[in-house]
Protein chains: 2
Amino acid sequence: MAISNSNNRFSSKLTSQCQNCSLSALCLPIALADEDVNRLDQIIERKRPLKKGELLFHQGEEFNSVFAVRTGTLKTFNITNSGEEQITGFYCPSELVGLSGIDDNHYPISAKALETTTVCEIPFSHLEQLSSQIPSLKHQLFRLMSRKICDDQQMMVLLGKKNADEKVASFLLNLSHRFKKRGYSATSFRLSMSRGEIGNYLGLAVETVSRVMTRFQKNGLIDVDGKEISIVNLPEMEKLVGAAGECATIEHV
Amino acid sequence: MAISNSNNRFSSKLTSQCQNCSLSALCLPIALADEDVNRLDQIIERKRPLKKGELLFHQGEEFNSVFAVRTGTLKTFNITNSGEEQITGFYCPSELVGLSGIDDNHYPISAKALETTTVCEIPFSHLEQLSSQIPSLKHQLFRLMSRKICDDQQMMVLLGKKNADEKVASFLLNLSHRFKKRGYSATSFRLSMSRGEIGNYLGLAVETVSRVMTRFQKNGLIDVDGKEISIVNLPEMEKLVGAAGECATIEHV
DNA sequence: TTTGCTTGATGACTTAGATCAATTATTGAG
DNA sequence: CTCAATAATTGATCTAAGTCATCAAGCAAA
């Protein structure tokens, strides 16, 4: 029940947010055992909201917790030797941030709020301990990490092999699928990141992102109004990306 | 003792190969408890060697095991919708392949031998079970997966932000560090992959890889003789890549 | 040894996307 | 609401790296 409100803490009833949480697969299968749900629920801290631009954690900081986004959006990035920022991911509600810090006990990236954002903090040592007692919890953790590896590798394919059109289309469809999975519209949503951030993430210049999106609109693939996006011709977009089939692209957590 | 010979199975003495294995951190801390080492050792299967070009597992196949490379080299790749191969990684002795299959119980990639290669097969269900009984084993598994996430993200930075020179230099230094870590020369080694495979992995055309390496040689950075590589001017190469500092680049498992 | 067959190197040319520059929208602080 | 600051669009040019083409060097089969 990572994403429930505190006043539900000791209730076995799940809030609607919980049901869409990436941790739900982690919580729900064991929801029957109220005491387990409560044990998990009790290690989770709800933090005060982050304002736009605030850091959740920064590159090099000691790792203690992973975080589930409750509302809002985060980006993760690292600062390269040449001082530029390289965005490595965007995190929507119900997604988990910080797993890369487990290895050497320090976060290798920073996480920053793109808008007002609330998160659940899950102290990793507690989670790990609890996972010893609840095998299905441990298995879900392995699965989550495996999924992340899978997704990152799809991103490598995108960066290494795709052209600008395919990159932008993949990006939009990926967001679409993530929204849909959580019960929001798959065809109409708001981008919480700037064009510059999209370009940075996709390995493209801002201008290229802008041009591609304008062209997509001209060709009737999407409808752009600032940060509001509608996918008008979903099949054509999917054709552009190259249909489904690849790993967990579509199932991006 | 993932990488020991079978005749050492019931001995608590670790072979030298074991000591350099990525699983050693996973084995050695518990080496004191002979019975634990034996328990781990007993679930591991040594497979017959793979010949060059043979598949260890293929994209879509049911996931059952992760594999530790004992000798030789593997590449992992997936076939994109357009039918091209995209290489996602190279695996040297002591490195672990297959973690991306945990998520949906099927490997999302294929793994192929670049030369005669032997691996230890570690049935994941057994490993997971054992990890319930040995907390340090579980922790090491989390760390290994976290490390992989970290490394893949560095690869994303490489693909998204670096130019051809930086890509090739990063690649060579990464190999160098991995060899060094295992007690081999950091400055002189043999590439088991073709120029084409390097290019595919780095998001470059074969010709570009070839030209960059030739230029590096002209500038006295490296010495190339077919697949044999010597890094002549390590400091200059490191400067080219942009020094250390980033995540686990240098600590690539 | 000869005949492919594959891999790598190198030159000539092309191009996708970057960079530079100038406008035009948005945003948000006071 | 107003105005500076920031973000997005659009056009003109430039360039890093891709593509195409050729040749040389290994290597394997016969």
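Computed from a predicted structure; not experimentally measured. Residue numbers begin at 1 in each chain, while the letters A, B, ... track the order of the sequences. The figures that follow rest on heavy atoms only: side chains count, while hydrogens, waters and symmetry mates do not.
- The existence of a salt bridge linking A:R215 and A:D165 is confirmed by a sub-4.0 Å separation between a basic side-chain nitrogen and an acidic carboxylate oxygen.
- To the nearest angstrom, P of D:dT9 lies 9 Å from CD of A:Q217.
- Between the side chain of A:S170 and the main chain of A:E166, a donor-acceptor pair closer than 3.5 Å is present.
- Between the CD atom of B:E207 and the C1' atom of C:dT15 there is a distance of 15 Å, rounded to whole Å.
- Summarising the geometry, the separation between CG on B:N200 and P on D:dT19 is reported as 12 Å, rounded to the nearest angstrom.
- Between the CZ atom of B:R215 and the C1' atom of C:dA9 there is a distance of 14 Å, rounded to whole Å.
- Atoms CD (A:E115) and C1' (C:dG28) sit 17 Å apart, rounded to a whole Å.
- B:I229 has its CD1 atom 11 Å from the P atom of C:dG8, to the nearest Å.
- Proximity note for B:T214 (side chain, C-beta onward) versus C:dA9, C:dT19, D:dT19: the nearest is C:dA9.
- Remark: B:K112 does not engage B:E85 in a salt bridge, criterion side-chain N to carboxylate O under 4.0 Å.
- In terms of modelled atom types and a separation under 3.5 Å, the side chain of B:Q59 and the main chain of B:I79 share a donor-acceptor contact.
- The closest donor-acceptor contact from the side chain of A:K167 to the backbone of A:L202 lies under 3.5 Å.
- Here B:Y201 and B:F90 bring their ring centres to under 6.0 angstrom of each other.
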Dump every N/O contact between nucleotides 25-27 of chain C and the protein below 3.5 Å, one line per pair.
none

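- Straight-line distance from the CZ atom of A:R195 to the P atom of D:dT6: 19 Å, rounded to whole Å.
- A salt bridge is absent between A:E84 and B:K161: the closest approach of a Lys/Arg side-chain nitrogen to an acidic carboxylate oxygen does not fall below 4.0 angstrom.
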Practice task
Using the salt bridge (Lys or Arg N to Asp or Glu O under 4.0 Å) rule, take A:E95 and A:R182 through it: C-alpha gap first, then chi angles, then the decisive distance, then the call.
Solution key: CA-CA 11 Å; A:E95 298 175 342; A:R182 273 145 206 117; 3.6 Å; yes
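- Bending across the helix from C:dT1-D:dA30 to C:dG30-D:dC1, expressed as the angle between its end axes from five pairs apiece, amounts to 50° (10° rounding).
- A salt bridge is defined here as a Lys NZ or Arg NE, NH1 or NH2 lying under 4.0 Å from an Asp or Glu carboxylate O, and A:D152 with A:K148 meets this definition.
- In this structure, the CD atom of B:E197 is 9 Å from the P atom of C:dT7, given to the nearest Å.
- For the pair B:H106 (side chain) and B:D104 (backbone), a donor-acceptor distance under 3.5 Å is present.
- Residue contacts for B:S210: at a heavy-atom cut-off of 4.0 Å it reaches a base atom on one of the strands shown.
- A salt bridge links B:R190 to B:E228: at least one charged side-chain nitrogen sits closer than 4.0 Å to a carboxylate oxygen.
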Polar pairs (N or O, both sides) under 3.5 Å between protein and nucleotides 15-18 of chain D?
from	atom 1	to	atom 2	distance (Å)
D:dA17	OP1	B:A164	N	2.8
D:dG18	OP1	B:G203	O	3.3
D:dG18	OP1	B:A205	N	3.4
D:dG18	OP2	B:A205	N	3.1
D:dG18	OP2	B:T208	OG1	2.4

